[in-house]
Undergrad: 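Have a look at this one before I ask anything.
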Protein chains: 2
Amino acid sequence: MSWSKDEKDGPRGYHHGNLKEALLRAALELIAQKGPAGFTFAEAARWAGVSPAAPYRHFRDRDDLLANVALRGFEQFEIALARAWDNGRPDAFTALERMGKSYLAFARAEPAYYSAMFESGIPPGSTPELRAAGDRAFAVLREAAEKLCAQMPRHGRPPALMVALHIWAISHGIASLFGRGDAAHRTLPMSAEELLEAGVLVYLRGLGVPAEGAQPA
Amino acid sequence: MSWSKDEKDGPRGYHHGNLKEALLRAALELIAQKGPAGFTFAEAARWAGVSPAAPYRHFRDRDDLLANVALRGFEQFEIALARAWDNGRPDAFTALERMGKSYLAFARAEPAYYSAMFESGIPPGSTPELRAAGDRAFAVLREAAEKLCAQMPRHGRPPALMVALHIWAISHGIASLFGRGDAAHRTLPMSAEELLEAGVLVYLRGLGVPAEGAQPA
DNA sequence: GGCTTAATGTAAAAGCCATTTACATGAGCT
DNA sequence: AGCTCATGTAAATGGCTTTTACATTAAGCC
């Protein structure tokens, strides 16, 4: 019945039907266009075809919506990293490099998620779920570090947590400073991917890691 | 000469006397309290005791003020880094470690500047002055990398620019992710300073740098 | 000292946002 | 059919940003 017909996805009646989802998608799109700062609650509502007050039925406030976008971002991020890591196949070293590329690829392909996650001003611990999702994503990196460290000689073996933090830091640093080609970032004499790969390579050599199957010199 | 008396610093009459400066200081204070996102033009004006429209005589808009804060931040940052570098004394290695500590100390001591510089959404190239100031700050790091590389055996000597970028990235990554102890960041099993120092140490070992006066093994 | 001018503030208004409250609609269950 | 709760709407409040017309004053010039 409804009033006219049934337009693919537009709001059908008094009730939207899937507003929460629509708002999350709208927010993602708006953040992609104007950054987390430029994103407005009202515009997301407009985008979803509802009144400015409607979103409050699904999110406590603007920050809550932002935090949910970040949450979803961490989930996607974890998936992407885990897929790249692929359980350390064929070997930890190769898989780690692959994960590094995946890290930057995510930041580039999903700038809205990435900025919601790291540059929106939403504290990581603003909600337990958010923190947990962030931790799960980091856990992938940490697992990689564990596996990498495990195959080092027991002697000077570094703490895997520290290694994971270092790699996270340099990855995030590169993504954040040079992440995308847009005007919002600095330009580089090389690609971010090359820069990260080289950095991790040097770092791992510093740990004595490639003493695995490759030649140390 | 003045109008009524001379009260230390309060606005004396119709004209403020030093509004631009007052606004910059107010912005810095407000950003420190509520982050770059929470900072408002109107509140800065209130803080300076002028009407909401007054700031427009000194800054094109809110972003312009933010950019000027960032500009000032880069200048301070350059000074801090240069002081720590101290021309590479007593040796490049020691001086670099000192600069790393200085980097984090700045981020911690001047979170408002740091976030205006890197986390405010103001693009680095939004104005030529801003870009130049950023470049000057980076130049200090780059000089350090040059000096460090210069003392390496000519053979496998890495590009100094790349080294500078790597160190910048890991420094920024750590500052940005774990920078301050506040709720806005993640907590660590060690201090950010220790983490950075260890990371740079490993990285430099990977480059073969400490083959200077120390023992390579 | 007067006059002129440009710099610096103010007042008021338009338009957007976030958020709240009271009310409306309708989906699902009995 | 009747109830009830989830989900929307309308309208209002209070801030913020930015613009425009106007007020005040600092400074230079005679």
Side-chain angles (χ1 to χ4, degrees), chain A residues 1-4 6-7 9-27 29-31 33-69 116 120-122 126, chain B residues 1-7 9-27 29-31 33-69 120-122 126:
Chain A
M1 19 118 290
S2 51
W3 344 258
S4 50
D6 51 325
E7 315 143 84
D9 55 69
R12 310 300 183 75
Y14 192 94
H15 289 90
H16 180 287
N18 201 8
L19 184 52
K20 186 167 187 174
E21 188 58 30
L23 288 172
L24 285 167
R25 272 204 288 265
E29 176 64 22
L30 291 172
I31 294 171
Q33 286 178 14
K34 318 195 279 189
F39 150 76
T40 110
F41 217 34
E43 194 166 359
R46 218 174 299 137
W47 215 81
V50 295
S51 78
Y56 289 88
R57 294 297 180 192
H58 302 275
F59 302 99
R60 196 169 352 79
D61 55 22
R62 183 182 173 284
D63 279 1
D64 189 33
L65 172 49
L66 223 42
N68 275 81
V69 171
S120 64
I122 302 291
S126 78
Chain B
M1 32 118 295
S2 54
W3 332 263
S4 52
K5 273 294 183 297
D6 52 327
E7 314 145 84
D9 56 69
R12 311 300 182 74
Y14 192 92
H15 289 92
H16 181 286
N18 201 8
L19 184 53
K20 185 167 187 173
E21 188 58 33
L23 288 171
L24 285 167
R25 271 203 290 264
E29 176 64 23
L30 291 173
I31 294 170
Q33 286 177 14
K34 319 195 277 192
F39 150 75
T40 108
F41 218 33
E43 193 166 359
R46 217 176 298 135
W47 215 81
V50 295
S51 78
Y56 289 87
R57 295 297 179 192
H58 301 276
F59 302 98
R60 195 168 354 79
D61 55 22
R62 182 181 174 284
D63 279 1
D64 189 33
L65 173 48
L66 223 43
N68 274 82
V69 172
S120 63
I122 301 292
S126 79

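None of these values were measured; they are calculated from a predicted model. Each chain gets a letter, A, B and so on, in the order the sequences are listed, and its residues count up from 1.
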Undergrad: Which letter, B, S or -, goes with each nucleotide of nucleotides 9-14 of chain D from 5' to 3', with contact meaning a protein heavy atom under 4.0 Å?
TA: BB----
Undergrad: Who are the side-chain contact (heavy atoms from CB on, under 4.5 Å) partners of A:A27, not counting sequence neighbours?
TA: A:F39, A:L65, A:V69
Undergrad: Taking side-chain contact (heavy atoms from CB on, under 4.5 Å) as the test, write out the residues that go with A:P52, two or more places apart.
TA: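 For A:P52, no residue satisfies side-chain contact (heavy atoms from CB on, under 4.5 Å) once neighbours in sequence are set aside.
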Undergrad: Rounded to whole angstrom units, what separation is found between the CG atom of A:L65 and the P atom of C:dC17?
TA: 15 Å
Undergrad: What residues, two or more places apart in sequence or in another chain, satisfy side-chain contact (heavy atoms from CB on, under 4.5 Å) together with A:A37?
TA: none
Undergrad: Whole angstrom is fine here: how far is it from NE2 in A:H16 over to P in C:dA27?
TA: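 After rounding, the reported distance stands at 14 Å.
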Undergrad: Nearest whole Å is fine: how far is C:dT8 P from B:F59 CZ?
TA: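 Whole-Å distance recorded here is 12 Å.
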Undergrad: Which pairs pass salt bridge (Lys or Arg N to Asp or Glu O under 4.0 Å) with one or both residues in residues 13-24 of chain A, sequence neighbours excluded?
TA: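 Passing the test, one end in residues 13-24 of chain A: A:E21-A:R25, A:E21-A:R72.
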Undergrad: Quick one: is B:H58 getting a side-chain N or O under 4.0 Å of the C:dG9 phosphate, OP1 or OP2?
TA: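 So the side chain of B:H58 is within the cut-off, an N or O lying under 4.0 Å from OP1 or OP2 of C:dG9.
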Undergrad: Report which part of the nucleic acid B:R60 touches: base, sugar-phosphate, or nothing (heavy-atom distance under 4.0 Å, all strands).
TA: nothing
Undergrad: Quick one: list whatever passes salt bridge (Lys or Arg N to Asp or Glu O under 4.0 Å) with A:R46, sequence neighbours left out.
TA: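 With sequence neighbours excluded, A:R46 shows a salt bridge (Lys or Arg N to Asp or Glu O under 4.0 Å) to no residue whatsoever.
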Undergrad: Using the side-chain hydrogen bond (donor to acceptor under 3.5 Å, both in side chains) rule, collect all pairs that involve residues 49-68 of chain B, keeping only residues at least two apart or in two chains.
TA: none
Undergrad: Please report the distance, rounded to the nearest Å, between CG in A:D61 and P in C:dA18.
TA: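 So the two atoms are 10 Å apart, to the nearest Å.
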Undergrad: Let me know the distance between OH of B:Y56 and C1' of D:dA21, rounded to the nearest Å.
TA: 17 Å
Undergrad: Pull out every residue in residues 37-45 of chain B that has a heavy atom closer than 4.0 Å to any atom of DNA chain D, ordered by number, or say none.
TA: B:T40, B:F41, B:A42
Undergrad: Going by the salt bridge (Lys or Arg N to Asp or Glu O under 4.0 Å) test, which pairs reach into residues 33-45 of chain B, not counting sequence neighbours?
TA: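 Listed by first then second residue: B:K34-B:E43.
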